[in-house]
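Just so it is clear, the structure is predicted and the values come from calculations on it, not from any experiment. Proteins get letters first, then strands, A, B, ... in listed order; numbering begins at 1 in each. The figures that follow rest on heavy atoms only: side chains count, while hydrogens, waters and symmetry mates do not.
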Protein chains: 2
Amino acid sequence: METRELRYFVAVAEELHFGRAAQRLGMAQPPLSRAIRQLERRLGVDLLERTSRSVALTDAGAVLLREGRAALDAVEAAERRTRRAHPGSGAGLVLVTKAAAATEVLAKMLDAYAAEPGSVPVDVVLCSVGEQEGMLRDGRADVALLHKPFDSITGFDVEELHSETQVVVLPAGHPLTTRKHLRMADVDALPDLPMARWPRRDGTYGGGPGPEIHDQAQLLQLISLGRALVVLPESVRPYLTEGHATVPVLDAPTVTTVIAWPPHSTSRALAGLVRAATGL
Amino acid sequence: METRELRYFVAVAEELHFGRAAQRLGMAQPPLSRAIRQLERRLGVDLLERTSRSVALTDAGAVLLREGRAALDAVEAAERRTRRAHPGSGAGLVLVTKAAAATEVLAKMLDAYAAEPGSVPVDVVLCSVGEQEGMLRDGRADVALLHKPFDSITGFDVEELHSETQVVVLPAGHPLTTRKHLRMADVDALPDLPMARWPRRDGTYGGGPGPEIHDQAQLLQLISLGRALVVLPESVRPYLTEGHATVPVLDAPTVTTVIAWPPHSTSRALAGLVRAATGL
DNA sequence: CGGATCGATATCCCCCGGGTATCGATCCGC
DNA sequence: GCGGATCGATACCCGGGGGATATCGATCCG
């Protein structure tokens, strides 16, 4: 099976429409139809149920969509990492993490690694929540800082770096700020102060009373205005202003910062970075 | 990058010889040379250092060899699993495990799953040590029983099923059989009774005094003949004869049987099998 | 019932991936 | 040191396949 065939199939399977898929691929519809037919004939499997008015995935088609996406990610990763390995292409490693997360650990880690003999330059890329895994998988990044239990670490090798408890961030002067500690039940359903809602991976928001949040700065401002609250790892404290107060939440899950990388990576540079990180 | 180009490059990178690589690929040498040149030009990266007498990998070439193998495995997996998803192609799931390992757990697991409503047929494939990971990665299998800490589980999702201690298998009547328990130091360097050596993944054997073993039956016979000893999980006991004796080894690592599957798998059948296995 | 939508078919073209012949450079044996 | 052998690169040719355009046939809708 050729990469091109996979790209074609994934496009059609995602659009469920030959015309739109062809447009997305920058080609005409007839050769796309023919290519998919050829793919089905070569595999000996029906991938799509077509009527003259609709296209639907068969079970086998669903399998190929899932597996094909993973395969295309792997091919893309091979290409990107090879390009990046070109002598004189700048960065040796690309590390990806969420904005304003684990900055302490990150800074120490980068310093420790840079001090090692034979270390290579490390590009730090910040991205939005839930995007790191994809970047590791398709080679835009080589290594990531993730946060259990929020980020999925399935399919990666990981080393734990740092664990911390969570605190609720409240507007200064809120009645609950006098408490020594709280439980999730205390903060879950405050009618006057709803919990902020983060976007999901696809950019949409689930239902709920809280305001929809786009970034941390916006969130912290909303809190100091008395419009929301949020439960965050305690390392958020350096980012807070006098408008905020924090109270430990006893039964919120412990957040663990981990360093994660694709399991087949064996590069010397990556091994050095991981060693520097775990040796802190 | 096309699958064909990747296959060509991997062949050349493995052979380090255009002629042999072309032969392996079933084609002539000139188009292969040209294809590799085109690949280098498109990527903008030198992959191979050629003289008229030798071929060597550049750093970038080494990256592409590693990443490209993973990508080819993923493409192959997509193709195989799609073919297997064809209605009427027999097995719904392929489970791979080592011969004579964890048979107890396996049997119970298969029974429990088969009893579930909506279960699909499961093909059980036995293979030699260290080959399971490759079969999971390139789609020859969907799920595997692996044994920590012997098998590498990097890159897979796993659930632990069963843990057991290890025992040393000795010829009946050997002086050490009178002991209640032993330590690795006791069995490591018995001059009269060397530890058997298993083949490595590539089929070769490391150095050492012990006999080279090909399968478990051969091993057990060698032990009863007084020519070798071996440390194995205690569940090996049902396979032993009156020519063998076992003594627990206190400081041998605990062996854990795990069920493992590729992390992006989301099939209903696989989920059911994992649930049946962990629910035992 | 007629137009619109959408995938399939028919047909053409040309590029690219494959083959053969050969060259140029390096190594080796005598 | 020279001639043959080895091995990758180059030159050139050919055929198939992947792309485009024109059109058809089926279905849905007003």
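Candidate nucleotides C/dG7, D/dA20, D/dA9 were compared by shortest atom distance to the side chain of B/S33, and D/dA9 ranks first. In this structure, the nucleotide among D/dA20, C/dG7, D/dG18 sitting nearest to the side chain of A/R42 is D/dG18. For B/Q38, counting side-chain heavy atoms from C-beta on, the closest listed nucleotide (C/dT11, C/dG7, C/dG17) is C/dG17. Each of C/dC6, D/dG8, D/dA9 was ranked by its minimum atom distance to the side chain of B/P30; first place goes to D/dA9. Side chain of A/F18, nearest nucleotide from C/dG19, D/dA20, C/dA8: C/dA8.
Between the CE atom of B/M27 and the P atom of D/dG8 there is a distance of 14 Å, given to the nearest Å. Atom P of nucleotide D/dG17 and atom CZ of A/R41 are separated by 10 Å, given to the nearest angstrom. Between A/I36 atom CD1 and D/dG19 atom C1' there is a gap of 15 Å when expressed in whole angstrom units. Distance A/Q23 CD to C/dG7 C1': 16 Å, rounded to the nearest Å. One can place CG of B/L32 at 13 Å from P of C/dG17, the figure rounded to the nearest angstrom. Distance, B/L25 CG to C/dG17 P: 15 Å, rounded to whole Å. Counting to the nearest Å, the C1' atom of C/dT5 and the NE2 atom of A/H17 are 8 Å from each other.
Residue A/E2 is classed as having no contact, given no heavy-atom separation below 4.0 Å to the nucleic acid. Within the nucleic acid shown, A/E5 has no heavy atom closer than 4.0 Å to any nucleic acid atom. Residue A/R53 is in base contact, counting any heavy-atom pair closer than 4.0 Å across all strands shown. Looking at heavy-atom distances under 4.0 Å, B/R37 makes contact with sugar-phosphate atoms alone, never a base.
Remark: the A/E79 side chain and the A/T82 side chain contain no N/O donor-acceptor pair separated by less than 3.5 Å.
Figure legend. D/dC28 is base-paired to C/dG3; pairs are counted as Watson-Crick or G-U wobble with both atom distances under 3.5 Å.
Comparing A/T51 and A/G26 by the nucleotide of DNA chain D that holds the closest heavy atom to each, the one mapping nearer the 5' end is A/G26. A residue-by-residue look at B/Q29 and B/R34 shows that B/Q29 has its nearest nucleotide of DNA chain D further toward the 5' end.
Of the residues B/R37, B/R42, B/R34, the one that meets the salt bridge (charged side-chain N to carboxylate O under 4.0 Å, His left out) test with B/E5 is B/R42.
With salt bridges taken as basic N to acidic carboxylate O contacts below 4.0 Å, none links B/R140 and B/E76. Ionic pairing of B/E131 and B/K98 is not present here: no N-O contact between side-chain nitrogen and carboxylate oxygen is shorter than 4.0 angstrom. A salt bridge between A/E2 and B/R7 is present, with a side-chain N of the basic residue lying under 4.0 Å from a carboxylate O of the acidic one.
Interface remark: the B/R4 side chain does not form any donor-acceptor pair with the C/dG17 base, using a distance-only criterion of under 3.5 Å.
Contact check, A/R50 against C/dC6: no side-chain N or O comes under 4.0 Å of OP1 or OP2.
A donor-acceptor contact shorter than 3.5 Å is absent between the side chain of B/R4 and the backbone of A/M1.
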